[in-house]
Amino acid sequence: MDVFEAIHTRQSVAKVKPDSVPRELIERALSAAVQAPNHYKVRPWRFVVLTGEAREKLGSVMAAALQEKHPDFPPEAFDKEKSKPLRSPVLIAVGVDKPSEAKVVEVENICASAAAVENLLLAVHAEGLGAKWRTGDPARDPKVKQFLGFEPDQYLIGFIYIGYPEFELEPRERPSFEDRTTWME
Ligand SMILES: Cc1cc2nc3c(=O)[nH]c(=O)nc-3n(C[C@H](O)[C@H](O)[C@H](O)COP(=O)(O)O)c2cc1C
């Protein structure tokens, strides 16, 4: 699959099989991720790969965070939250380093990390895996960040859910660039 095909056929895959994914495939995708451009070569991305029981622990932290914010929610809401990380066999949380020097701009670190996520999404797609980038309240929760080893003021830009697609997705109409592009000569 060439790069254009990968870009034009990638879609978020919400439903994946529980089958485990070989570590080599995840390593290859991470290696692709870190080829992203990044200003001052700071490599601001941080990946936490969760498999097996680590996903259950994350689910417990997410459920506790939800309960703290919304103690009035019914118990089923916390059960549902707890089970979310089990939606895929592999979950990669992506954090962003805070600038370590005055010249480094935080938003540029976020941009670079987002570019790394796109590389990751394309790489897993090219490997026949499916992935979905998710955020939601857990991505902004200090306890969730702490569990993953991030500081409370560090950006956690996503949870990338990865696994073998449950079924083949229909090709869909692709977005166009025309209405978002101005040419200046
Ligand atoms: C920063 C970011 C956060 C996202 N968070 C969520 C999310 O919390 N839940 C979700 O269902 N999709 C989330 N998505 C996925 C988008 O909804 C999805 O990419 C979009 O619908 C386009 O679909 P596609 O990926 O199939 O092209 C997120 C995407 C990005 C870039």
Side-chain angles (χ1 to χ4, degrees), residues 1-17 21 29-30 32-38 44-50 55 58-59 61-63 65-66 69-70 73 77-98 105-145 147-148 150 153-181:
M1 185 183 289
D2 79 8
V3 68
F4 281 95
E5 187 186 351
I7 289 169
H8 285 274
T9 58
R10 184 208 59 80
Q11 295 189 44
S12 290
V13 176
K15 292 216 176 308
V16 295
K17 297 175 183 166
V21 176
L30 287 168
V34 302
Q35 307 311 312
N38 59 107
W45 37 73
R46 298 282 165 170
F47 305 104
V48 181
V49 183
L50 298 109
R55 296 167 308 147
L58 173 63
V61 176
M62 284 166 48
L66 184 67
K69 273 187 215 122
H70 302 283
F73 278 7
F78 309 124
D79 291 344
K80 187 175 172 203
E81 191 71 4
K82 193 174 175 180
S83 68
K84 282 183 178 173
L86 304 177
R87 289 181 289 204
S88 70
V90 182
L91 198 68
I92 304 182
V94 184
V96 182
D97 280 349
K98 301 281 293 178
V105 182
E106 186 164 35
V107 71
E108 294 189 349
N109 280 0
I110 298 167
C111 292
S113 302
V117 173
E118 176 68 353
N119 278 1
L120 180 74
L121 294 175
L122 292 173
V124 295
H125 172 54
E127 285 173 329
L129 291 158
K132 188 163 171 71
W133 184 341
R134 297 180 189 272
T135 48
D137 284 346
R140 293 175 283 275
D141 187 88
K143 291 216 168 78
V144 171
K145 290 184 190 180
F147 170 75
L148 294 166
F150 299 129
D153 62 348
Q154 241 181 306
Y155 281 98
L156 170 50
I157 61 168
F159 298 99
I160 316 304
Y161 284 72
I162 302 170
Y164 290 100
E166 184 84 53
F167 47 83
E168 205 174 314
L169 294 179
E170 289 295 317
R172 61 147 204 249
E173 200 187 328
R174 307 303 301 191
S176 61
F177 65 87
E178 285 88 351
D179 63 333
R180 290 286 188 268
T181 308

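Both ligands and their constituent atoms are indexed starting at 1 by order of listing. These values consider heavy atoms only, across backbone and side chains, with no hydrogens, waters or symmetry-generated copies.
Taking the side chain as every heavy atom from C-beta outward, I92 and F159 never approach each other to under 4.5 Å. Counting heavy atoms from C-beta on, the side chains of Y161 and L91 come closer than 4.5 Å.
Atom numbering of ligand 1 starts at 1 in the shown order; those under 4.0 Å from a heavy atom of G136 are 8 (O). Shown in contact with Q11 at under 4.0 Å from a heavy atom are these atoms of ligand 1, numbered in order with element: 26 (O). Under a 4.0 Å criterion applied to the non-hydrogen atoms of R134, ligand 1 contributes the atoms 5 (N), 6 (C), 7 (C), 8 (O), 11 (O). The contact set between ligand 1 and K132, taken as ligand atoms under 4.0 Å from a residue heavy atom, comprises 10 (C), 11 (O), 12 (N).
Here the protein heavy atom with the shortest distance to atom 8 (O) of ligand 1 is T135 N, 2.9 Å.
Atom OH of Y155 has 12 or fewer neighbouring heavy atoms from other residues, nucleotides or ligands inside a 6.0 Å radius.
When distances from atom 4 (C) of ligand 1 to the protein are checked, a heavy atom turns up under 4.0 Å. In this structure, atom 21 (O) of ligand 1 has its sub-4.0 angstrom surroundings free of protein heavy atoms.
At a 4.0 Å heavy-atom cut-off, ligand 1 touches R172 through the side chain alone.
The minimum heavy-atom distance linking I110 with I157 is given by the pair CG2-CG2, 4.2 Å. Scanning all heavy atoms of the two residues, the minimum distance from A93 to L148 falls at CB-CD1, 3.7 Å. The shortest non-hydrogen separation linking E106 to D153 is OE2-O, 4.4 Å.
Of the candidates Y161, W133, F159, it is W133 that places a heavy atom closest to atom 1 (C) of ligand 1. For atom 19 (O) of ligand 1, the nearest non-hydrogen atom from the set S12, P175, A131 belongs to S12.
Look at K82 and D79 and you find no salt bridge, because none of the NZ, NE, NH1 or NH2 atoms lies under 4.0 Å from a carboxylate O.
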